[in-house]
Structures are given as C-alpha cells and as structure tokens.
Participant: 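Got a structure for you, written out below as structure tokens; questions coming shortly.
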14 protein chains.
Amino acid sequence: MDSMSLIGMISIFTAGITIAIGAIGPALGEGRAVAAALSAIAQQPDETSTITRTLFVGLAMIESTAIYCFVVSMIVLFANPFWDAVQAAGGGG
Amino acid sequence: MDSMSLIGMISIFTAGITIAIGAIGPALGEGRAVAAALSAIAQQPDETSTITRTLFVGLAMIESTAIYCFVVSMIVLFANPFWDAVQAAGGGG
Amino acid sequence: MDSMSLIGMISIFTAGITIAIGAIGPALGEGRAVAAALSAIAQQPDETSTITRTLFVGLAMIESTAIYCFVVSMIVLFANPFWDAVQAAGGGG
Amino acid sequence: MDSMSLIGMISIFTAGITIAIGAIGPALGEGRAVAAALSAIAQQPDETSTITRTLFVGLAMIESTAIYCFVVSMIVLFANPFWDAVQAAGGGG
Amino acid sequence: MDSMSLIGMISIFTAGITIAIGAIGPALGEGRAVAAALSAIAQQPDETSTITRTLFVGLAMIESTAIYCFVVSMIVLFANPFWDAVQAAGGGG
Amino acid sequence: MDSMSLIGMISIFTAGITIAIGAIGPALGEGRAVAAALSAIAQQPDETSTITRTLFVGLAMIESTAIYCFVVSMIVLFANPFWDAVQAAGGGG
Amino acid sequence: MDSMSLIGMISIFTAGITIAIGAIGPALGEGRAVAAALSAIAQQPDETSTITRTLFVGLAMIESTAIYCFVVSMIVLFANPFWDAVQAAGGGG
Amino acid sequence: MDSMSLIGMISIFTAGITIAIGAIGPALGEGRAVAAALSAIAQQPDETSTITRTLFVGLAMIESTAIYCFVVSMIVLFANPFWDAVQAAGGGG
Amino acid sequence: MDSMSLIGMISIFTAGITIAIGAIGPALGEGRAVAAALSAIAQQPDETSTITRTLFVGLAMIESTAIYCFVVSMIVLFANPFWDAVQAAGGGG
Amino acid sequence: MDSMSLIGMISIFTAGITIAIGAIGPALGEGRAVAAALSAIAQQPDETSTITRTLFVGLAMIESTAIYCFVVSMIVLFANPFWDAVQAAGGGG
Amino acid sequence: MDSMSLIGMISIFTAGITIAIGAIGPALGEGRAVAAALSAIAQQPDETSTITRTLFVGLAMIESTAIYCFVVSMIVLFANPFWDAVQAAGGGG
Amino acid sequence: MDSMSLIGMISIFTAGITIAIGAIGPALGEGRAVAAALSAIAQQPDETSTITRTLFVGLAMIESTAIYCFVVSMIVLFANPFWDAVQAAGGGG
Amino acid sequence: MDSMSLIGMISIFTAGITIAIGAIGPALGEGRAVAAALSAIAQQPDETSTITRTLFVGLAMIESTAIYCFVVSMIVLFANPFWDAVQAAGGGG
Amino acid sequence: MDSMSLIGMISIFTAGITIAIGAIGPALGEGRAVAAALSAIAQQPDETSTITRTLFVGLAMIESTAIYCFVVSMIVLFANPFWDAVQAAGGGG
C-alpha cells in the first residue's frame, strides 16, 4: 500500500462520487425549468421564442454547476497535481 | 492485497456507485419534464410540434448529466489512468 | 482472502447495489410520466396518438438511465476487466 | 473463513438487498400509474380501452426495472461466475 | 465461528431484512391504488366493474414486486445453494 | 460465544426488526385506503356496499405484505432451519 | 460475557426497538383514518353509523400490524425459545 | 464489566429509546386527529357530540400504540426477566 | 471504568436523549392541533367554548406522550433500579 | 481517563445535545401555531382576544416540552446525581 | 491525552454543535411566523398593530428555544462545572 | 499528537461545522419571509412601508440565530478558553 | 503523522465542507425569494421598483449567511490561528 | 503513508466533495427561479424585459454560492497553503 496506490484509489473514488452527487441537483433543477417552460408555452403560445430563449439561458446557468463537477472530476482523473508530485518524488513512500 | 487488486476493487465499486447514484436525478428530472409535456399537449394540442421540440432539447440537457456519470464510470472501468500506471510500475507494491 | 476472492466479492456486491439503487429513479420517473399520459388522454382523447408517441419517446429516455445501470452491472459480473487481469496474473496475490 | 464461505455470504446478502431495495421504486411508480389510470377512467369512461392499453405498456416499462433487479438477484444466487471460479479453483484459499 | 454458522447467520438476517424492506414499497403503492379506486367509484359509480377489474390487474402487478422479495427470502431460508454447498463440503472450514 | 448462541442472537434481532420495519408500510398504506374509503362514503353514500367490498379486498392485499413479514419473523423464531442444523450438529463449534 | 447474558441483552434491546419502530406506522395510519372519518362525518352527518363502522374495521386492520410487533416483543421477552435452549444447555458457554 | 452491569446498561438505554421513538408516531397521529376534529366542529357544529365521541375512540386507539411502548419500557426497567435470571444465577459471570 | 461509572454514564446519556427525541413529536402534534383550533375559531366564533374544550382534551392526550418520556427520563436519573442494585452490590465490579 | 472525567465528558455532551435536539420540535410547532393565529386574526379581527388567549395557552403547552429538555439539561450540568456519587466515592476509579 | 484536554475538546465540540443544531428549528419557525404576519397584513391592513404585537410575542416564544441553546453553549464554554472540578483536582488524571 | 494539537484540530472542525449547519435554517427562514413580503407587496402595494418594516424586524430576529452560530464559531477560533488554558499549562500533556 | 500535517489535513477538509454545506441553505432561500419576486412583478408590474428594492435587501440578508461560511472557510485556510501556533512551536509534536 | 501523501489524499477528496455537495443547492435554487421566470413571462408578456433582468441578477446571486464552492475546490487543488508548507518542510514527516 504505497503512497502512489493510495492516491490513485482515493482519486478514482472521488472522481466518481463527485460527478454522481453533482448530477442530482442540476438534473432536478433542469427538469423543473423544462417543465415550467412547457407549461408556459401551452399557456402563452405567442411567446414561444421569448420563453425558449429564457429557458436556454437558464439551462446554461444550471448546467454550469454540473460542468464544475465534471471539470473537477476530470482534473482529479487526468491532471491530478498531487499524483504528479508523488510520481515525481519517486513513486512511493 | 497488493496495490493492483486494491485499485481494481475500488474501481469496480466506484464504477457501479457512480452510475447508480447518477441515474436518480436525471430519471426524476426527465419524468417531470415528460409529464409536463404531456399535460401541455393535452392543454394546447395545436402547439404539439413546438412542445415536443422544446421537450427534446430539454431532455438532451438533462440526459447530459447522466452521460457524464456514464462516461466517468466507463473511464474508471476501461481507461483508468491509475490502473495503467500501477500495471506499468510492475503490477504490485 | 486472496485477491481473486476479494475482487469477486466486491464485484458481486457492486453488481447488486448498482441495479438496486439505479432502479429507483427510473421507476419513479416513469410512473410519473405514465400517470401524466393517462390524465392527458382522459382530458384530450382526440390527441391519444400524439400523447402515446411522446410518452414512448420519453419512457425510452428515462429507461436509458436504468439501462446504463444494468449494463454496468452486467459488465461487472461477466466482463470485469480487473477480474480478468488478476486471473491472468496467476489468480492470487 | 475460507474464500468459498465469504463469497457465499456476500452473495446471499447481495441477492436479498438487491431485490429489497429494487422493489421500492417500481412499486411506488406502479401505484402512481394505476391510481392515475383509475382517475382517468372515472373521468372519461368512454376511453377505457385506450387508457388500460397505455397503462399496461407503462406498467411493463416500470416492471422492467424490477425485473432487472430480480434477474441480477437470481444470477447472484444460482449462476454466480465468481462462485464457480472459486469452486473450480479448489474450493478454498 | 465456523463457516456453517456464519452462512446461517447471514442467511437469517438477509431473509428478514429482504422482506421487511421489500414490503414498504408495495404496501404504499397498493394503498395509493386502492385509495384512487375508491375515489373513482365514488365519482363514477356506473364504471365500478371496469374500475375494480383495472384495480385488480394493477394490484397484481404491484404485489409481484413483494412476491419477488418473499421468494428470495424463502430461497435464502430453505433452498440456499451456498448453505448446501458448504454442508456438502463437510460442514466447516 | 459458541455458534448456537450467535445464531440465537441474530435470530432474535432479525425477528424483531423484520416485523418492526415491515409494519410501517402496510400501516401507512391501509391508513390511506381507509381514509379514501371514508371520504368516498361521505361523497357517495349510495355506493357504500361497493366501496366497502373494494376496500376489504384492497386491505387484504396490503395486509398480505405485513403477513409475509410476520411469517418470516415466526419462521426465524420457531422454525429456524439453521438453528436446527446447528443443534443437530452437536450444539456448538 | 457468557452466552446467557448476551442473549439476554440482545433480547431486551430487540423487544424495545421492535415495538418502538413498529408503533410509528400504525399511529400515523390511524391518525389519518380518524381524521378522514371526522371530515366525513362533518360532511355527511346522516351516514355517521356507516362511517364509524367502516372506521372501526379499518382501525382494527391497522392496529393488527402494531399487535404483530407487540406479540413479537412479548415473545422475545417472555417466551424466547433461544433463551430457553441456552438455559437448558447449562446456562453458559 | 460483569454481566449484571451490562444487562443493566442495555436495559436503561432500551427503556429510554423505546418510549422516545415510540412517542413520535402517536403524538403526530393524535395531533392530526385533533386538528381534523376541530375543523369538523367548525364546519358542522350540530354534530359536535358525534365528532368528539368518534375522536375519543380514535385517540384511544392511537394512544394504545404509545401505551405498548410505555409498557415495554416499564417491563424493561422494573420487571426484566433477564435481569432477574442473571441476579438469581449469582449476580455475575 | 468500573461498573458504577459506566451505568452512570449510560444513564445520563439516556435521560437526555429520551426527552430530546420524545419532545419532537408532541411539540409538532400540539402545534398542529393549536393551529387547527385557531382556524376553527376564526371560522366559527360561536363555537369557541366547544372548540377550546376539545382542544384541551386533545392537548392533554398528546402531552401525555411527552410526559411518558419525561417520567422515564426522571426514573433513569433519580430512581434507577440498576444503579441501586449495583451500589448495593458494593459499588463496583 | 478516570471515571470522574468520563462522567464529566458525557454530561457535557448530553446537556448540549438534549437542548439542541429538543429545541427543533417546539420551535417548529410554535411557528405553526403563531402563523395560524396571525391568519386567524386577519380573517376574523373581532375575535382577536379569544384567538390570542387560545394561542398563549397553546404556546405554553408546546413550550413545556422545550422546558422539559432544558430542565434535564440543567440537571445534567448542575445537579447530576451520578457525578455527586462518583465524587463522594473518592473522585476516581 | 490527559483528562483536562479531553474535557476541553468535548466542550468545544458540544458548544458548537448545540447552537448549530439548535438554530435550525427557531429560524424555520420564525420564518414561518413572519411570512404569515406579512400575508395577514396584506390581507387585513387595518389590524396591523394587533398582528405585529401578536407576532412579536410569538417570535419571543420561538426565540426562547434558541436562547436556551445559546445559554447552554455559553455555560459549556465559560462556566463549565466539570472543567472547574477537574482543574481544581489538579488539572489531570 | 499532543493535547495542543488535538484541541486545535477539534476547534477548527467545530468552527466550520457550526457556521455551516447553523446557516441552513436562517437562510431558508429568511427566504420564506422575503418571499412572503414580496407577495404581500404585490397584493397590497399601499402597505409597502408597513410590510418592509415588519419584514426587517423579522429578518433581524431570524438573522440573530445565524449570528449566535457565527459568534460561537469566532469564539472557538480566536477566544477559545480551553486552548488558552492548555497553552498556559505548558503547551502539552 | 506529525501535528502539523494533522492540523493541515483537518483544515483542508473543514474549509471544503463548511462552504459546501453552507451553500445549500442560502442557494435554496435565494431561489425562493427570486421566484417570489418574479411572480410579484408579473402580478403587479407597477410596483417593480419597490419589489426589486425589497428583493435586493432580502438577498443581501440571505447571502450574508453564505458569506459567514466563506469567511470561516478562508480563515481556516489562510489565517488559521492554531496552524500558526503549532508552526511557531517548532512545527511538530 | 508520509504526510505529503496524506495531505494530498485529503485534498483530492475535499476538492471533489466540496463542489459536489455545493452544486446541489444552487442548481435547485436556479431551477426554481427559472421556472418562476417562465411562468411570469407566460402570465405577463409585456414585462419580459423587467422579468429577465431581475432573473439574471437573481441567478448571479445564487450562482455566487456555487462559485464560492468552486473557488475553495480550486484553492485546495492548486493553491493549497498546507501542501506548500509541508513540501517546503522537506516533503515528509
């Protein structure tokens, strides 16, 4: 159980759990926004273009929080500064 | 319990739990969006094409968070950088 | 408690828990979508074909998240890359 | 506590917990769908045949997630690849 | 704490917890379906036969998830393949 | 802490927790069904006989899940196959 | 920490926790049923006798799940088969 | 840490936790029933006597689940059969 | 860590946690009953005396579950039979 | 880690957690009661005196459960019988 | 890890967690009361003085539960009887 | 792991967790109050000054519970009596 | 595992978890307030300036609880008094 | 398991969990705000510019709490003061 393996293990687990938990909120929030948009279109068809434009801006904002999680997950997997440091230090304790 | 086995074990568990937890949010969010779309169609049948187009864009956005989880799960199973590094290092500690 | 057994155990547990947790979200989401479809049909019988078509597309999207979980569960049980690697390495530590 | 026993134990526990947790979602989702169908029939008796047909398709989709869990549970109990491998390896560590 | 006792213990606990957790979902789902059926009858007494027929089909679907749990619980108690294998292997480690 | 005592202890705990957790769902589900029946009677007194008949069938279905738990609890206490096997094996490890 | 004491301890704890958890569901379910009955009487005073009769049947069904828990709790305290077996076996390990 | 002390400790803790958890359900259920009774009186003052009579019967049923918990709690504190047995056995292990 | 101290510690913790958890349910239940009473008075001022009388009976019933917890808490602190027995036995193990 | 310190530590933690958990229920219950009182006054200003009188009685009942927790918390801090006994016994084990 | 340090550590943690958990209930309860007051003013502006007076009395009652927690937190930090006793006893075990 | 370090560690963790948990309640409560204020203004624009005045008093009350948490957090970080005592005692055990 | 490292580790974890948990409440509360503001504008467009002014004051109050968490998080990372003390004491135990 | 590795591991885990938990609240809050904005546009199309302006200000406020979490996550990964200090101290304990 050298340092390299332990950092590898914790990185794998963190990468998975970060995107897994981080996907719950945005998915529910976007579901709510899309549902409201569809109801709004059904209620006011003449404003479809305004509604969809506002919806897309809103979805982009909500998706951004999922993107943050995905970015951190990718950094942990492929650009992990601590992994690099430990490997540079000789790959073990 | 060499390093290779431990990284293998944590990878298997992470791959499973990532997609399992990550599927809850998108499934509920999509369920809500589809339900709203069906109510909207029932209320305003003339706008069916607009509603289904907006629905599909919204579903794609929501599905994207599930896709992130699936991608991370596949990376952990089949393109795991830490597993490769440990195997390259001689397959054990 | 050699490596082979431990990877086997964690694989069995992961396969089960992945599909168990991953089935909650899609089942609830599909239940919501079907319920909305039935209310929509009762409210607007003339649009039955449009409603059921939209419903089936939506159900397919929601079911896809359950499929992801099932696929990962099957991979872990029957095409586990870490199990294969450990078996190839001589079946033990 | 040889390997065979440990894999047996974890298999028994996984088989039970998989179907136990996996039954919650489908049961609630089907309950919701059936409740909506009954309300729809009460509201629009002339569409009974359309409603029950849509209901049965929906129930089949929702039940499928429970079936996935049952299948994994049965595989773990009666067609467990890791159990077979360990038994073939001589039945112990 | 020989293997036989441990497998016995985990089997007893799994049998109980499987049916205990597995009974929550179906009971709540059936309660919801029955409640909707009673409201539907009160609202549309002329459709009683259609409603009760649909209700019974729905209850059977929901009950099936509870049956799965009961079946697994009974298999674990009375037809446990791992218990049989360990007993055949001489009853101990 | 011989095997007999351990199996006894786990059996006592399982028997209690099975019926305790298993009673939550049916009790809530039956409460909901009875509440709906009473509202239905208040709304449509002429259909009392139909409503109560449907209610009793529904309650029987819901109660069945509680019965499953009670049966497993009684089997674990008074007809425990693993306890019998251990006692037959000489009552100890 | 002989066997007798351990079985005694686990029996005390199980007896308490069984009735404690098992009382939550029935109490909430009965509260809901009684509340619905009172609303129904206020809405339809002429059907008081029908409503209270249905209410009492329903309460009896719901109370039955609490009774199951109480029975198991009493069996564990005063008619515990495992305690009797251990005492008959000489009262210790 | 002789047996007597351990059984004493577990009895104290069980007595407290039994009545603590067991008081949540009845208190909430009774609160709901009383609230419904007050609304019913406000809505139908002429039926006050019927409503309060039904309320008291319902409260007695709900209170019974709290009584069960209190009885078990008192038995554990003051009529504990396992404590008596251990004390009769010489007061220690 | 003699027996006396351990029983003292577990008694202190039990006394606190019993009344703490036991206060949640009654407080919420009473809040609901009082809220319903106030709404009822606002709706039907002429029945104030009936409403407050029913309210006080209901509050007494709900408060009784809190009293049970307080009584058990006080018994554990000041009339603890196990503490007395251990002190009588010489104050230590 | 003599007995005196351990009893002191557990007393400090119990005192804090008792009032912390015990404050949740009363605070929410009182918030509900006050909210209902304000709505009632807005709806029926002529009954302000009756409403506030009933409110204060109700708040006193709800506050009583918080008082129980505070009393137990103070007893544990400043009139702890077990602490006194241990100190009288010489202040240590 | 002498006694003094341990009591200090548990005191710090208790002080923080007491006020942290104890602040949830009052904050939510007061939010509800204030919201109801604002709605009541909007609905019945002529009764503003009565409403705000009742609101302030209610807020004081709710705040009192937060004050209890703050008082216990301050006692634990600055007037801790157990800390004083241990310091008087020589500052260590 | 001398005493000084341990007290430092527990202080850091307590300071963070106190304000983190303590911020949930006030933030939700204030959100509710502000939302009610905005609805009230929209409904009764002429009472804006009364509504905002009442709102600010209410927000101050709710914020006070967050302030308590912040104060305890700051005391733990910068005016910790136990840290001072341990440092005065020589900085270690 | 010298003191310096341990304090560093606990500081990193606390800094993250403080802002992570502390962001939930304010985000939900602000979402609620903004949603109410938008509904209020749609309902009473003439009061837009009053509504947005009240909204911004309210958002500032809610944001303040998030700011507290951020401040504590930054203090723990960059102005940690315990870290400074340990470093001044020679950087280790 | 030198200090450097441990700080690296805890940093990786903290970075992931901070943004994962911190993304839930803002995503849900923004979803609510966007949904309210879309309903408001459908209800009052003439105020679209005011509504979207208020929405964007609100989204910025809510997003700020997610930004705090992202900033802390990035600091922990790439500008970690404790990591720098340990590396400067020689890279190990």
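Everything quoted here is computed from the prediction, not taken from an experiment. These numbers come from the heavy atoms of this one structure, side chains and all, not from hydrogens, waters or symmetry mates. Residue numbering restarts at 1 for every chain, and letters A, B, ... go by the order of the sequence lines.
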Participant: Decide yes or no for Tyr68(K) and Ile67(J): does some side-chain heavy atom of the first lie under 4.5 Å from some side-chain heavy atom of the second?
Facilitator: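 Result yes, sub-4.5 Å side-chain heavy-atom pair found.
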Participant: What are the two closest non-hydrogen atoms of Phe78(J) and Pro81(K), and how far apart are they?
Facilitator: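 Heavy atoms only, the tightest pair is CE2-CG, 3.8 Å.
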Participant: Checking Glu63(J) against chain K: side chain, backbone, both or neither under 4.5 Å from a heavy atom?
Facilitator: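 Only the side chain of Glu63(J) comes within 4.5 Å of chain K.
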Participant: Heavy-atom distance under 4.5 Å to chain J: side chain of Asn80(K), backbone, both or neither?
Facilitator: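 For Asn80(K), side-chain heavy atoms alone lie under 4.5 Å from chain J.
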Participant: Taking the side chain as C-beta and beyond, is there a heavy-atom pair between Trp83(K) and Ile12(J) under 4.5 Å?
Facilitator: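 Contact flag for Trp83(K)/Ile12(J) side chains = no.
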Participant: Just give me the residue among Ala20(K), Ala27(K), Ala33(K) that pairs up with chain J most often, heavy atom to heavy atom, under 4.5 Å.
Facilitator: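 So the answer, after comparing Ala20(K), Ala27(K), Ala33(K), is Ala33(K).
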Participant: Could you tell me which of Ile21(K), Val76(K), Ile17(K) has the largest number of non-hydrogen atom pairs under 4.5 Å with chain J?
Facilitator: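 When all of Ile21(K), Val76(K), Ile17(K) are compared, Ile21(K) has the most.
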Participant: Run through Val34(K), Leu38(K), Ile51(K), Ile41(K) and flag the one making a side-chain contact (heavy atoms from CB on, under 4.5 Å) with Leu38(J).
Facilitator: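 Going through the options one by one, the only one that passes is Ile51(K).
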Participant: Before giving the answer on side-chain contact (heavy atoms from CB on, under 4.5 Å), spell out for Phe70(J) and Val72(K) the whole-Å C-alpha distance, their side-chain angles and the decisive distance to 0.1 Å.
Facilitator: CA-CA 9 Å; Phe70(J) 192 59; Val72(K) 169; 4.0 Å; yes
Participant: Return the option, out of Gly58(K), Ser73(K), Cys69(K), with the maximum number of heavy-atom pairs under 4.5 Å with chain J.
Facilitator: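 Option with the greatest count: Cys69(K).
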Participant: Sort Gln43(K) into side chain, backbone, both or neither according to what part of it lies under 4.5 angstrom from a heavy atom of chain J.
Facilitator: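 Gln43(K) touches chain J through side-chain heavy atoms alone.
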Participant: Quick check on the interface: out of Leu28(J), Thr18(J), Ile7(J), Thr14(J), who has the most heavy-atom pairs with chain K under 4.5 Å?
Facilitator: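 Result: the option with the highest number of such pairs is Leu28(J).
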Participant: Give me the atom names and distance for the closest heavy-atom approach of Pro26(J) to Thr65(K).
Facilitator: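 Minimum heavy-atom separation between Pro26(J) and Thr65(K): CB-CG2, 4.3 Å.
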Participant: Might you point out which heavy atoms bring Thr48(J) and Glu47(K) nearest each other, and give the distance in Å?
Facilitator: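 The answer is OG1-OE1, 4.4 Å.
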Participant: Check each atom of Ser11(K) against the heavy atoms of chain J and say whether the ones under 4.5 Å are side chain, backbone, both or neither.
Facilitator: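 For Ser11(K), backbone and side chain are both near chain J.
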Participant: Over 60° means perpendicular and under 30° means parallel, so tell me whether Phe13(J) and Phe13(K) are parallel, tilted or perpendicular.
Facilitator: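 Taking Phe13(K) first and then Phe13(J), their aromatic rings lie parallel (interplane angle under 30°).
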Participant: Between Pro45(J) and Gln44(K), which heavy-atom pair has the shortest distance, and what is it?
Facilitator: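 Smallest interatomic distance, heavy atoms only, reads CG-NE2, 3.6 Å.
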Participant: Name the region of Leu59(K), side chain, backbone, both or neither, that has any atom closer than 4.5 Å to a heavy atom of chain J.
Facilitator: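 No part of Leu59(K) comes within 4.5 Å of chain J.
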Participant: Please state whether the side chain, the backbone, both or neither of Ile24(K) comes within less than 4.5 Å of a heavy atom of chain J.
Facilitator: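 Neither; nothing under 4.5 Å.
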Participant: Using non-hydrogen atoms only, which part of Ile10(J) is less than 4.5 Å away from chain K: side chain, backbone, both, or neither?
Facilitator: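 Contact with chain K is absent: no heavy atom of Ile10(J) under 4.5 Å.
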